[in-house]
Amino acid sequence: FAGALIITVAMLHQRNLLRRNEELTQRVQDAHEQLDTLHRLELALNQSLDVHRLCEIILTHAQEVLGARAGALWLAPHFELQSAQETEQNPALESSETAPSEPVSPEILHGPLWNCMARRGGRGASFRGVLEACHRALNSRAFSDGDLFGPEIVPGSEEIASVPIFWRNEQIGVLLLMSHRGEMPVEAREILEAITLVAAPSLQNALLYSQAAARADMDGLTGLYNHRAVQERLGQEVARASRAARKGVLEPLSLVLFDLTDFKIFNDTYGHGVGDEVLRATAQCLKQNFRAGDIVARYGGDEFLALMPETDFLGAQALCARIIQA
């Protein structure tokens with residue numbers, strides 16, 4: 001009996017060791033997979049400096065790791081780098097195959113404060129409700145603990161994971177994921193936090209790059225395009241009109257060059273400080289009177305240039321008359 005008992009204890013101990021060995025092997029395998037995921041994410045993030053593209057990459061990897069059926073990524077206000085017109089010309093979000101079947105209103109996608117830069121999956125009204133709730137929560141208060149959603153807005157029995165993205169103690173984004181039915185494991189939360197740690201520097205670098213590029217294209221005094229930037233845009237617009245002409249399509253392009261009369265005498269009389277105020281007031285007048293699709297620049301000291309795509313001579317003449325009167 002004693003021998004049988006010893007053998008039984010040894011077998012149980014051996015079984016316990018095997019079970020622990022399997023658990024350790026699985027944990028090592030999971031750790032390798034997570035490291036591989038983070039490595040692939042880092043390589044993908046290094047391929048682009050476009051904020052929208054980076055957000056798509058981050059969200060895609062997070063969904064794949066978690067097996068989430070829907071997700072969205074929100075960024076703080078200073079990441080809204082595109083104007084409303086550029087956003088309309090780039091309808092990638094709305095035309096995505098994984099976009100919700102119900103359209104999300106523009107004030108939800110591009111609110112006055114936080115902005116939804118990427119979203120995937122979540123067909124139907126439930127995901128739309130989650131987006132709207134996220135919009136209201138983000139634009140009403142900041143959060144730092146990741147507990148953005150309460151049980152009252154969780155659709156069905158699915159779980160919502162909201163993980164904040166920090167850069168140097170400043171919250172710059174929120175990664176939102178809707179998991180499959182069932183509770184989200186702690187390991188999933190850890191890998192999501194690791195993804196945000198990898199993503200934050202890339203997002204910040206993209207923001208700095210975009211800000212530097214914008215400053216390089218803008219005239220510091222008036223806020224209009226500078227000479228170099230408008231020369232590039234002129235080449236692009238002429239090439240576009242030429243391509244259309246080769247296809248037999250007429251796309252008119254007008255260019256207006258104008259200056260302020262006797263501005264040197266004004267500067268000499270009242271001083272350059274007042275002259276700068278006049279240039280700023282003129283630039284503001286041009287911004288208000290030219291159309292959104294027109295490209296307005298400060299071309300020289302007191303010279304301004306405007307490109308008007310899809311505008312013929314008569315249209316440009318009428319617009320010039322309105323500018324002179326203004």
Side-chain angles (χ1 to χ4, degrees), residues 33-66 68 71-93 96 98 109-120 134-135 138-139 142-146 148 161-177 188-220 223 225-226 228-229 232-233 236:
E33 291 178 355
Q34 292 180 5
L35 289 174
D36 181 63
T37 298
L38 295 176
H39 179 65
R40 288 187 290 108
L41 173 61
E42 191 170 11
L43 290 178
L45 292 176
N46 289 334
Q47 302 301 314
S48 176
L49 283 171
D50 178 73
V51 173
H52 287 85
R53 175 60 182 156
L54 293 179
C55 290
E56 289 285 350
I57 293 172
I58 296 165
L59 182 58
T60 300
H61 280 73
Q63 274 191 269
E64 290 177 354
V65 169
L66 190 61
L73 197 152
W74 300 71
L75 291 181
H78 49 272
F79 277 93
E80 189 173 13
L81 306 176
Q82 290 184 310
S83 65
Q85 181 191 3
E86 289 172 329
T87 303
E88 292 172 1
Q89 294 174 353
N90 183 24
L93 282 178
S96 172
T98 57
L109 280 179
H110 299 283
L113 300 177
W114 289 71
N115 307 286
C116 184
M117 308 295 281
R119 59 187 177 91
R120 291 171 56 87
C134 188
H135 172 80
L138 286 172
N139 290 325
F143 78 103
S144 58
D145 57 359
L148 179 62
S162 54
V163 184
I165 303 174
F166 285 98
W167 172 253
R168 293 184 177 176
N169 297 323
E170 178 190 1
Q171 185 184 342
I172 62 173
V174 177
L175 180 60
L176 174 74
L177 290 169
R189 183 77 180 203
E190 292 176 352
I191 187 62
L192 287 179
E193 292 175 350
I195 287 175
T196 61
L197 290 175
V198 173
S202 297
L203 290 172
Q204 188 67 20
N205 290 338
L207 173 65
L208 295 176
Y209 173 80
S210 299
Q211 290 176 340
R215 285 195 294 268
D217 288 343
M218 294 299 168
D219 174 62
Y225 280 108
N226 57 27
R228 179 196 61 79
E232 292 182 1
R233 294 298 301 269
Q236 294 169 3

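Everything numeric here is computed off the predicted structure, so don't read it as measured data.
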Sole candidate of Ile57, Leu49, Val51 that passes side chain to side chain contact (heavy atoms under 4.5 Å, CB included) when paired with Arg53:
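Among Ile57, Leu49, Val51, the one that satisfies the side chain to side chain contact (heavy atoms under 4.5 Å, CB included) with Arg53 is Ile57.
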Val163 and its side chain to side chain contact (heavy atoms under 4.5 Å, CB included) partner, picked from Leu177, Leu192, Leu176
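So, applying the side chain to side chain contact (heavy atoms under 4.5 Å, CB included) to Val163 and each of Leu177, Leu192, Leu176, only Leu192 qualifies.
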Is there a side-chain contact between [X] and [Y], using heavy atoms and a 4.5 Å cut-off?
X: Met218; Y: Asn226; value: no
X: Phe166; Y: Ile172; value: no
X: Trp114; Y: Val174; value: yes
X: Leu208; Y: Gln204; value: yes
X: Gln171; Y: Ile165; value: no
X: Asp50; Y: Leu54; value: no
X: Leu203; Y: Cys55; value: yes
X: Met117; Y: Glu56; value: no

Measure across His61 and Ala44 and return the closest heavy-atom pair with its distance rounded to 0.1 Å.
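Heavy atoms of His61 and Ala44 come nearest at CE1-CB, 4.3 Å.
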Please report the shortest heavy-atom distance between Leu175 and Ala62, naming the atom on each side.
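Distance-wise, the nearest heavy atoms are CD2-CB, 3.8 Å.
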Output the distance between atom [atom1] ([X]) and atom [atom2] ([Y]), rounded to the nearest 0.5 Å.
X: Gln47; Y: Ser202; atom1: CD; atom2: OG; result: 11.0 Å
X: Arg233; Y: Arg228; atom1: CZ; atom2: CZ; result: 12.0 Å
X: Trp167; Y: Leu197; atom1: CH2; atom2: CG; result: 10.5 Å
X: Arg40; Y: Leu45; atom1: CZ; atom2: CG; result: 12.0 Å
X: Asn115; Y: Leu73; atom1: CG; atom2: CG; result: 11.5 Å
X: Ile58; Y: Leu41; atom1: CD1; atom2: CG; result: 6.5 Å

